Amino acid sequence: MRMSRLLVRTLREAPADAEVASHQLLVRAGYIRRLASGVYTFLPLGLRVLHQVERVIREELDAAGCQELLLPALHPLELWEQSGRAALFGSDALPAMTVDARGGTFVLGPTHEEVVTVTVGAEVDSYRQLPLTVYQIQVKFRDEARPRFGLLRTRELIMADAYSFDVDKDAMQFSYRTVFDAYLRIFGRLGLDVTPVEAESGAIGGDVNHEFMVPSAVGEDEFVSCPSCGYAANVEAATRRLPERVGGSGAAPTDLVEHHTPGRSAIADVVAYFGDDVTAAAFLKSMAVVDAEGRPTLLLVAGDREARLPSGWRLFDDADFSAHSSLVKGYIGPIGQQADGIRVVADLGVGRDGSWVVGANRADHHLGGALLDRDFTVDEWGSFAQVVTGDHCPRCGEAVQLVRSVEAAHTFQLGYKYSEVMPGSDFVAEDGSEAIFSMGCYGLGVSRLLAVLAEEHHDDRGLAWPTEAAPFQIHLAALGAGRSPEVAEAADRIYDQLVAGGIEVLYDDRDVSPGVKFADADLIGTPVRLVVGAKGLARGVVEWRSRTSGEERELPVDATVSELVGS
RNA sequence: CGGGACGUAGCGCAGCUUGGCAGCGCGCCUGCUUUGGGAGCAGGAGGUCGCGGGUUCAAAUCCCGCCGUCCCGACCA
């Protein structure tokens, strides 16, 4: 590609709406442009990187035995009603993406489990056709409340999503592992340091699932990592263990004392009421929730910890509160809850010795001196506090640390979640009985990967793409070609021969000063820069330079092409 | 959805407090000179000052409403 013809304009300054390095550089180097908040155009350079990433994905998924297809981006709303997710997505997200057209109401597809299940279900009638894993690379739409950081969090995004169909759970787990491994190879080839972590499944559903995390300061996720045993889990799913108890505190039992605490329902406010002698750790945070089975539950966590709501649990809404008069919003406490049919579950940390300050279940009042087992009881113990750095690994007990990261992919063992609700998911099993698919699904954020790659591979001068993702392999710059026919002739010849040799070359044939060419080459970030100039030509060489390492070599003019094409 | 900030030429910004000819740098066009790390000189084009309303002799500037954009939080398939 001759740069004089390429649709690219590099910017010396980043636009004011770009906050993080990846966003600034992708815009400055002319890869992307914003059309609306969270909606981006891929200019030719950006599209080339996108195609490179897609190529790696296709090669690895194809090699793993997956088949590519393309599902519609527009889904009949009925499909979402059949799966029950139209309601699950709530009152705003899905309706915001519905389109009324002649022929019905459609949804701008946010994800494709429903469509793929009915599609494959219509084609597969026998176990002989299984196992089967299909994938697509497709645009998805999400009613993103807050688009952020350029391509990292958008309302329209490109995703590679695979779906496996198997005869039973064991076979599904084998397929899961196959795609899982393919994803690891994809990230490896793209030069990304990825950690698979245990995660919550959210609205996709299913049992076992993993997020593929790339550690990054701009990440919106955090995962818990154990340097000792390798345990890794999203903070939303991570659990901890308490160290062995060495003995009771010996603290004397205290009396239950009522305190008048009007308007102080937040822990920090109550702590302020008590002053310096009591810390947040002495308060019992009591949250009214509905657990995954729909049971009204009181969740207890020490006041200095954040609670972690397991998947499927939700906070009380106003209707729940009016149905349970024993729970007074803002002044909830555990005392006597079982009598009102409320199950009490507590984080392990609540098992410590000593007294607690608790809500009095009476407006504007708290109780001090509450003791476990004397004043309140716990029906079930677990790890319900959000894990923090220094907590103990649930597997090996060593101290864990938190790692900020970007979620690059998410894989799920769905099992029968979709096949039992979507029509056509049945097939005849080997023994002649009727069975339904055991499924897995695997999403990889393709457009987001551009941001992650740019974030991880850049310096203060610009981007520095890994070879597999680079828009071009070689950036060829001719210096002063306008006043030196020899330079122009040599550069043209090298360009033609490199292209003939199958190498993707960006040829800077523009009539601009050397400084501009060097600066643009650094900004655009092609792995190798070749410079043809009068200086080098006089000594019979062209200059080779690595964008990432800065290494420089001189190649004989006549051997340049053969050396580069050969390697 | 809650909190905050911003909106002036393609990009980055000043001007607004105290109302009075719409500016600067980069980029763009023409010419000449220059040419190994974002060149110099000369000339030029480009604006509904986000939109609507109000106050005023006069509004980029003051007031009201709306829209858009970014940041923090909530949410996140």
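Because the structure is a prediction, the values reported are computed rather than measured.
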Tell me what [X] touches on the nucleic acid: a base, only sugar-phosphate, or nothing, going by heavy atoms under 4.0 Å.
{"X": "F412(A)", "value": "nothing"}
{"X": "R155(A)", "value": "nothing"}
{"X": "A18(A)", "value": "nothing"}
{"X": "G482(A)", "value": "nothing"}
{"X": "G533(A)", "value": "base"}
{"X": "R9(A)", "value": "sugar-phosphate"}
{"X": "P15(A)", "value": "sugar-phosphate"}

Quantified in whole Å, what is the [atom1] atom distance between nucleotide [N] and nucleotide [M]?
{"N": "rG38(B)", "M": "rG25(B)", "atom1": "C1'", "answer": "14 Å"}
{"N": "rA22(B)", "M": "rA60(B)", "atom1": "P", "answer": "8 Å"}
{"N": "rC70(B)", "M": "rG27(B)", "atom1": "P", "answer": "27 Å"}
{"N": "rG4(B)", "M": "rG65(B)", "atom1": "P", "answer": "14 Å"}
{"N": "rG20(B)", "M": "rC6(B)", "atom1": "C1'", "answer": "27 Å"}
{"N": "rU30(B)", "M": "rA45(B)", "atom1": "C1'", "answer": "11 Å"}
{"N": "rC29(B)", "M": "rC13(B)", "atom1": "C1'", "answer": "23 Å"}

Rounded interatomic separation in angstrom, taking [atom1] from [X] and [atom2] from [N]:
{"X": "E144(A)", "N": "rC71(B)", "atom1": "CD", "atom2": "P", "answer": "12 Å"}
{"X": "Y40(A)", "N": "rU69(B)", "atom1": "OH", "atom2": "P", "answer": "10 Å"}
{"X": "E407(A)", "N": "rA77(B)", "atom1": "CD", "atom2": "P", "answer": "8 Å"}
{"X": "D460(A)", "N": "rG38(B)", "atom1": "CG", "atom2": "P", "answer": "15 Å"}
{"X": "R545(A)", "N": "rG37(B)", "atom1": "CZ", "atom2": "C1'", "answer": "10 Å"}
{"X": "E19(A)", "N": "rC6(B)", "atom1": "CD", "atom2": "P", "answer": "15 Å"}
{"X": "D520(A)", "N": "rG37(B)", "atom1": "CG", "atom2": "P", "answer": "15 Å"}
{"X": "D17(A)", "N": "rG12(B)", "atom1": "CG", "atom2": "C1'", "answer": "12 Å"}

* Position toward the 5' end of RNA chain B (nearest nucleotide), V532(A) or R34(A) -> V532(A)
* **Residue mapping more 5' on RNA chain B - nearest nucleotide basis, D221(A) or R146(A)** =>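 Looking at RNA chain B, the more 5' nearest nucleotide goes with R146(A).
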* S513(A) side chain near rG36(B) phosphate (N/O to OP1/OP2, under 4.0 Å) ->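 No, because none of the side-chain N or O atoms of S513(A) sits under 4.0 Å from OP1 or OP2 of rG36(B).
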* To do: Ignoring backbone atoms, test whether R148(A) places a side-chain nitrogen or oxygen under 4.0 Å from the OP1 or OP2 oxygen of rC72(B).
  => yes
* To do: Classify the side chain of R28(A) and the base of rG38(B) as holding, or not holding, a donor-acceptor pair under 3.5 Å.
  => yes
* Structure fact -> As its Watson-Crick or G-U partner within any shown strand, both distances under 3.5 Å, rG19(B) has none
* More than 12 non-hydrogen atoms from neighbouring residues, nucleotides or ligands closer than 6.0 Å to CD on E306(A), yes or no? -> no
* **Check: E113(A) and Y163(A) side chains under 4.5 Å, non-hydrogen atoms** => yes
* Asked: In terms of ring plane angle, is the pair Y442(A) and Y176(A) parallel, tilted or perpendicular, where the classes change at 30° and 60°?
  -> tilted
* **F384(A) and W313(A) aromatic ring geometry - parallel, tilted or perpendicular at 30°/60° bounds** => tilted
* Asked: Could you give the distance from NE2 (H112(A)) to OG1 (T119(A)), rounded to the nearest 0.5 Å?
  -> 9.0 Å
* For the atom pair CG (L498(A)) and CD1 (I474(A)), what is the distance rounded to the nearest 0.5 Å? -> 5.0 Å
* **Between S405(A) and D221(A), a side-chain donor and acceptor under 3.5 Å** => no
